[in-house]
Amino acid sequence: MNTSATTRIRGGRIDDAPDDVGRIAVVLGTRPEIIKLAGVIRELGDRARVIHTGQHYDDSMSGQFFRQLGLPAPDRVLAGIGGADRGTQIATAIGALTEEFQRSRPSAVIVQGDTNAVSAGAQAANYLGIPVVHVEAGLRSGDRGMPEELNRLVVGALADVHCAPTETSRANLLREGVPATRVEVTGNTVVEATLASIAAAADPAVAVEGVPVGEFVLATIHRPENTDTEPALRRVLEGLAALGLPVVLPLHPRTAAAVERHGLRSLLDGMTVLEPVGHASFIWLALRATLIVADSGGVQEECTVLKRPLVVVRRSTERPEAVDAGFAVLVRPGDGLATAALALLAEVRQRPLASVPSPYGDGGASRRIADLAVRVASGTEPIQRGEGAESSA
Ligand code: UD1
Ligand code: UDP
């Protein structure tokens, strides 16, 4: 390890903290962050120090992705965060990450997306004056009822380098006053993650058993807006049943708990309900599905690489690109899911998706982001620090 000691002043105290010079801490906490940061971690190689906040903790939501994606186990897993409420998750993670970064100070911190892990990672790093690189920056739904939108605004204010996946997300950041010099359009790492899992899905070991023969719908649901109340979850499950096709439903733990809590287990009768599956298996299912129905963020991007039609069951989306390109249709509460699904299927029969390019890039985002982070960590990428970045603990 490339470690040296630097004297720095912290809130009037002078202390000697070991610098993990050139090391880049990658802070992640949930399933999609593991999938989308796998390529960046691989590109960084020995420079990466992976810190898992423990927000997702079941093997089916965390460990299986590290194994399947060929990643080493995280260098550190934080305690006391998984299953806690939102404020506790963020506060506990900021405290633990602050200790971690003080014990061994990385030269830069990478966070991805919009989860509580992202908010905590960006805050802990920024308050210690460590440069923050935000992957998948600049997405905005405009819906402040979504916890993720608030996390996006927090990291948008704190990040030093914003890796915007598309020109649309770059424009969102510029509109909020982020200097253009701090924004780089890198593409979304989901493209290479999906391409890798398409290749992995050729392995018969990845095939999912018990899937209906012939046409089926693949669904994944977990947003609070679709799970927290009985009427909302009932609406989605009844909407799925009304599609008139067999439904395959790998169940997110939030949704599994909500089904029990709201007494809706009977609505799953007739559906193929699975534990959360690994990424290659999910892609295996998606490639065979007639239609995908999801409230997932990542699946909205993946459908553009898989060239599969998607119905997004949400009141808003921060990912307009997939809808604009014709891969997806947004179905808000009160809209008819079955009507929208039939219209989308009819449209893609007229205008097949196979030749429509993904708006999320060329599959080189992970390499661009890793290169950028290395330049930031080595001080060769000029970073304009705002007032306040100087103050530390
Ligand atoms: C979180 C993210 C969301 C992201 C999703 C990816 C926030 C605010 N939300 O939502 O943006 O789309 O992850 O899947 O950061 N649980 C388990 N086992 C697990 C993980 C969670 O049982 O391995 C349970 C928790 O105990 C909790 C519920 O699922 O009761 C929700 O987990 P949480 O991480 O708070 O939010 P997600 O809905 O997973
Ligand atoms: N996914 C998976 N197994 C599943 C369901 C989803 O590997 O059983 C993948 C999916 O392909 C996508 C990611 O998980 O890459 C999306 O995660 P999720 O929907 O939990 O979070 P979001 O993207 O909404 O933040």
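Whatever order the structure lists ligands and atoms in, that order sets their numbers, starting from 1.
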Handout entry: Any donor-acceptor N or O pair under 3.5 Å, side chains Glu33, Thr115
Key =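 Per modelled atom types, Glu33 and Thr115 side chains form a pair under 3.5 Å.
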Mind checking whether [X] and [Y] have side chains closer than 4.5 Å, heavy atoms only?
X      : Y      : result
Val356 : Lys307 : no
Val305 : Glu301 : no
Arg254 : Pro224 : yes

Problem - Under-4.0 Å protein heavy-atom contact, atom 12 (O) of ligand 1 - result: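 Protein heavy atoms within 4.0 Å of atom 12 (O) of ligand 1 - there is at least one.
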Handout entry: Protein non-hydrogen atom below 4.0 angstrom of atom 30 (O) of ligand 1 present
Key =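 It does not: no protein heavy atom is found less than 4.0 Å away from atom 30 (O) of ligand 1.
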Ligand-residue contact atoms, ligand 1 with [X], heavy atoms, under 4.0 Å:
X      : value
Asp58  : 17 (C), 18 (N), 19 (C), 22 (O), 23 (O)
Met61  : 23 (O)
His252 : 14 (O), 37 (P), 38 (O), 39 (O)

Carboxylate-amine/guanidinium contact [X] [Y], below 4.0 Å:
X      : Y      : value
Asp295 : Arg314 : no
Arg76  : Glu100 : yes
Glu176 : Arg152 : no
Arg367 : Glu192 : no

Which atoms from ligand 2 have a heavy atom of [X] less than 4.0 Å away?
X      : answer
Gly278 : 7 (O)
His222 : 18 (P), 19 (O), 20 (O), 21 (O), 24 (O)
Ser296 : 16 (C), 18 (P), 19 (O), 22 (P), 23 (O), 24 (O)
Gly298 : 22 (P), 23 (O)
Gly297 : 22 (P), 23 (O), 24 (O)
Ile35  : 7 (O), 9 (C), 13 (C), 14 (O), 15 (O)
Arg223 : 22 (P), 24 (O), 25 (O)

Using 0.5 Å steps for rounding, measure from the [atom1] atom of [X] to the [atom2] atom of [Y].
X      : Y      : atom1 : atom2 : result
Leu268 : Ser266 : CG    : OG    : 8.0 Å
Leu233 : Glu238 : CG    : CD    : 9.5 Å
Met146 : Glu225 : CE    : CD    : 6.5 Å
Phe101 : Ile94  : CZ    : CD1   : 11.0 Å
Ile35  : His279 : CD1   : NE2   : 4.5 Å
Arg319 : Thr166 : CZ    : OG1   : 10.5 Å

How close does the nearest protein non-hydrogen atom get to [atom], and which residue and atom is it?
atom                    : result
atom 8 (C) of ligand 1  : Asn116 OD1, 3.3 Å
atom 4 (C) of ligand 1  : His222 NE2, 3.7 Å
atom 36 (O) of ligand 1 : Arg254 NH2, 3.6 Å
atom 33 (P) of ligand 1 : Gln55 NE2, 4.0 Å
atom 27 (C) of ligand 1 : Gly83 CA, 4.3 Å
atom 8 (O) of ligand 2  : Val277 N, 3.0 Å
atom 25 (C) of ligand 1 : Tyr57 OH, 3.6 Å
atom 25 (O) of ligand 2 : Pro32 CG, 3.5 Å
atom 9 (N) of ligand 1  : Glu148 OE2, 3.5 Å

Could you say whether the N/O atoms of [X] and ligand 2 ever approach to under 3.5 Å?
X      : result
Phe282 : no
Arg31  : yes
Phe65  : no
Val299 : no

Practice task
Compute the minimum heavy-atom distance from Arg86 to ligand 1 and say whether it is under 4.0 Å.
Solution key: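 It does not; every heavy atom stays at 4.0 Å or beyond.
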Practice task
Report yes or no: does Pro32 have a heavy atom closer than 4.0 Å to ligand 1?
Solution key: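 Within the 4.0 Å threshold, so yes.
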Practice task
State whether the shortest distance between N or O atoms of Arg31 and N or O atoms of ligand 1 falls below 3.5 angstrom.
Solution key: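 It does not: no N or O of Arg31 is found under 3.5 Å from an N or O of ligand 1.
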Problem - Min N/O separation Gln89 to ligand 1 under 3.5 Å - result: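 Yes - when backbone and side-chain N and O of Gln89 are compared with those of ligand 1, one distance drops under 3.5 Å.
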Exercise for the section: State, to 0.1 Å, how close Ala122 and Val155 come at their nearest heavy-atom pair, and which atoms those are. Expected result: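 Result for this residue pair: CB-CG2, 3.7 Å.
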Handout entry: Smallest separation among heavy atoms of Ala242 and Ala338, with atom names
Key =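 Smallest interatomic distance, heavy atoms only, reads O-CB, 4.0 Å.
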Exercise for the section: Compare His56, Glu136, Glu275, Glu302 and give the one whose heavy atom is closest to atom 15 (O) of ligand 2. Expected result: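 Selected option, by shortest heavy-atom distance: Glu302.
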Practice task
Could you label the plane-to-plane angle of the His162 and His134 rings as parallel, tilted or perpendicular, counting under 30° as parallel and over 60° as perpendicular?
Solution key: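 The arrangement is perpendicular - the two ring planes meet at more than 60°.
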Exercise for the section: Mind checking whether His56 contacts ligand 1 via backbone (N, CA, C, O), side chain (CB onward), both or neither, at a 4.0 Å heavy-atom cut-off? Expected result: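 Both of them.
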Practice task
Tell me which part of Thr115 gets within contact of ligand 1: side chain, backbone, both or neither, using heavy atoms under 4.0 Å.
Solution key: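 Near ligand 1, Thr115 shows its backbone as well as its side chain.
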Practice task
Could you establish whether Gln300 and ligand 2 come within less than 4.0 Å of each other, counting only heavy atoms on the residue side?
Solution key: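 Under 4.0 Å: no for Gln300.
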Practice task
May I ask you to check whether over 12 heavy atoms, not counting those of Asp203, lie within 6.0 Å of atom CG?
Solution key: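 Yes, CG of Asp203 has more than 12 neighbouring heavy atoms, counting only those of other groups under 6.0 Å.
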Problem - Test applied, side-chain contact (heavy atoms from CB on, under 4.5 Å); reference residue, Lys36; option that passes from Asn188, Val135, Leu28 - result: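 In the set Asn188, Val135, Leu28, the residue that makes a side-chain contact (heavy atoms from CB on, under 4.5 Å) with Lys36 is Asn188.
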